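A quick write-up on the structure given underneath.
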Amino acid sequence: MSNQQAVLRIPEVAPELKEVEVVPEAVVAGDHPTVLAMADSLSTMGISVTLIHPYKEIEEIVAHMRGLMEADEEVSKKYAFLCEKVAANKSIKVMSEATVDDVSGWWGNFSVGILQKGTSVTLKTSGIAVAYKGNPVLPEAFSAEGIKSFSDFLAQFDMRKGALKEATNPAKRVAFVLDVDGRDEKWASVTALRFGAYLKGFGSQVYILCRDFKVSVDDMEREYRLAREAGILIFKYRDYPRIEGKRIIFQDASAVSEKAPLDVVLDDVDAIVIQEKVVPSKGQEEFLGWLKIPQEGGFVGPNNPQFIGRTPKKGVVVAGDTWYPEYPTDGYVTALSAAAELYKWIGRGTYQVDIQRVAEVDPSKCATCLTCYRICPHDSIRIERYGERNVYITKGEKEGATWEAARVKVETCNGCGLCASECPAKAIQLVYYPDLEVLEFLEKT
Amino acid sequence: MGRNNPKIVAFCCEESGMPAYEHALSLGLELPDDLKVVALPCGGKAETGYIMKALDEGADAVMIFACYEGNCKYVRGNIRAEKRVNYLKERLEKIGLNPERIAFCPVAPASGVRFAELVRQEVEMLREDA
């Protein structure tokens, strides 16, 4: 063996450049506080921003933020300051009491339908930044047990420092139950730990029950250690805990083997805090659907973990709960990186796109089966009219009629070849790497 | 088809499989000479046609080296590749061939050792099968 394998590399074709003009303007929409961070950041970069929010006054964006944001005074202050800054910024056009009704188009040429006080307006824009708020619900595992509403238990959504202090005054036993719906979300661990440490200061006994405890936020490793030293008990359970009145029963995952399960019972627990499940709002699901952005459970984040705030669709960035439910400090960072990502695509004015590293459709072979349209992760394939005849279907047989076929938008194509590999009629080829090259290489293997 | 030197065609994703192959070379790990490496822009580009052509032209096994789930640069190319491989395995079984002759192997870009290990396992499997 001398490592002399035959290798076929992707050919390096000299780029053929096409100039694309992009006007530096963006629409920032949504009801999550991070829209303020994105609008402010984009405006600082010299992009003309239109901010669309559903409230009467811009201050309400911050007033309506999720309960967990109040966990951190620093974050609250930061967002309040941002709100003032955006309100004072004359170059940001604010549309209040408005919601996004429809979105279509591509990078550099989006059209955003806006519903404002009953009238609909259409805006042309180059880029879109969106941050919607999710809705908290009780995890299914608990609603199955007859627990109907948050009022039965203290859900984290309703958790304010004051409310919890009152509920546990004088010092009592408090249990935080996390990860019930199986999704491990960082913000829940961090919130539970911070509130736990706060209550511990008043002499309460604090238990945290979780599947997986995540503390990868700035400074949290240290706070975690301090909390453990102060006596906060953190358990990992196997099946989700049963709650019977003031008693919690669960199986400790770390202490027992599966053959000999051991029930751990916490008695006389005065307050139980259940982590709520954040579900995407209707507007968010619609928005992602309109732009064909791949989502998992209604969020963009888990599908796309490498690039924070980025979507596969060029010119669209997301933050807030549209990205993923996050701890507020993390959410702020996501918003800033989303804004920076959008600047990359709309801030420079003129762009040069390589039209060699793309896929191309042969309209005479295309059967308009929409496979490529469905598969393209960047939503850069549309069915358009060509002047030539289509072999497979006979559309528009009237005089002067044209034939329909798929068409790849070269400006947004990344040349991954997924459409080419799935096309049943073999009508799509990568311009820089045609099938023939691979098939010739494979001959006489 | 040599009993001891099975021929393998490896379709490698440009983002993970190719760097892993090159890493294996740079570590000086042993790879069979009868390995044919085809770089593709994404694991999802390994078409049914490519895989069947390789088997048709005399390859004993086809391996698709793509990214781990959730790591695809093009969001779900690796998932599509895996589904395609599973579908082809079913077809191979129906026509009476060993479905293990097609393998979907997720690798990380810096795991040359894993790359070499997977190829070695495939060679061993084919030798036993022959």
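Hydrogens, waters and symmetry mates are skipped; everything else that's a heavy atom, side chains included, is used. Chain letters run A, B, ... following the sequence lines, proteins first and then strands; every chain starts at 1. Everything quoted here is computed from the prediction, not taken from an experiment.
Stacking of A/Arg310 on the aromatic ring of A/Trp323 is not recorded, the 6.0 Å distance cut-off and the 45° axial limit not both being met. A cation-pi geometry, defined here as NZ or CZ lying under 6.0 Å from the six-membered ring centre and within 45° of its normal, does not hold between B/Lys45 and B/Phe11. Judged by a 6.0 Å distance limit and a 45° cone about the ring axis, B/Lys53 is not positioned over the six-membered ring of A/Phe441.
Annotation: the span from A/Ile375 atom CD1 to A/Glu422 atom CD amounts to 3.5 Å, rounded to 0.5 Å.
Of the atoms belonging to B/Val38, heavy atoms from both backbone and side chain fall under 4.5 Å from chain A. Interface remark: B/Glu22 contributes side-chain atoms only to the contact with chain A (heavy atom separation under 4.5 Å). Of the two parts of A/Val7, the backbone and the side chain both hold a non-hydrogen atom closer than 4.5 Å to a non-hydrogen atom of chain B. Of the two parts of B/Leu40, the backbone and the side chain both hold a non-hydrogen atom closer than 4.5 Å to a non-hydrogen atom of chain A.
Taking A/Cys416, A/Cys419, A/Ala6, A/Ala420 one by one and counting their heavy-atom pairs under 4.5 Å with chain B, the maximum is reached by A/Cys416. For the set A/Pro377, A/Cys376, A/Gly415, the entry with the most heavy-atom pairs within less than 4.5 Å of chain B is A/Pro377.
Looking at A/Gln356, A/Glu411, A/Gln352 one by one, the single match for side-chain hydrogen bond (donor to acceptor under 3.5 Å, both in side chains) with A/Lys18 turns out to be A/Glu411.
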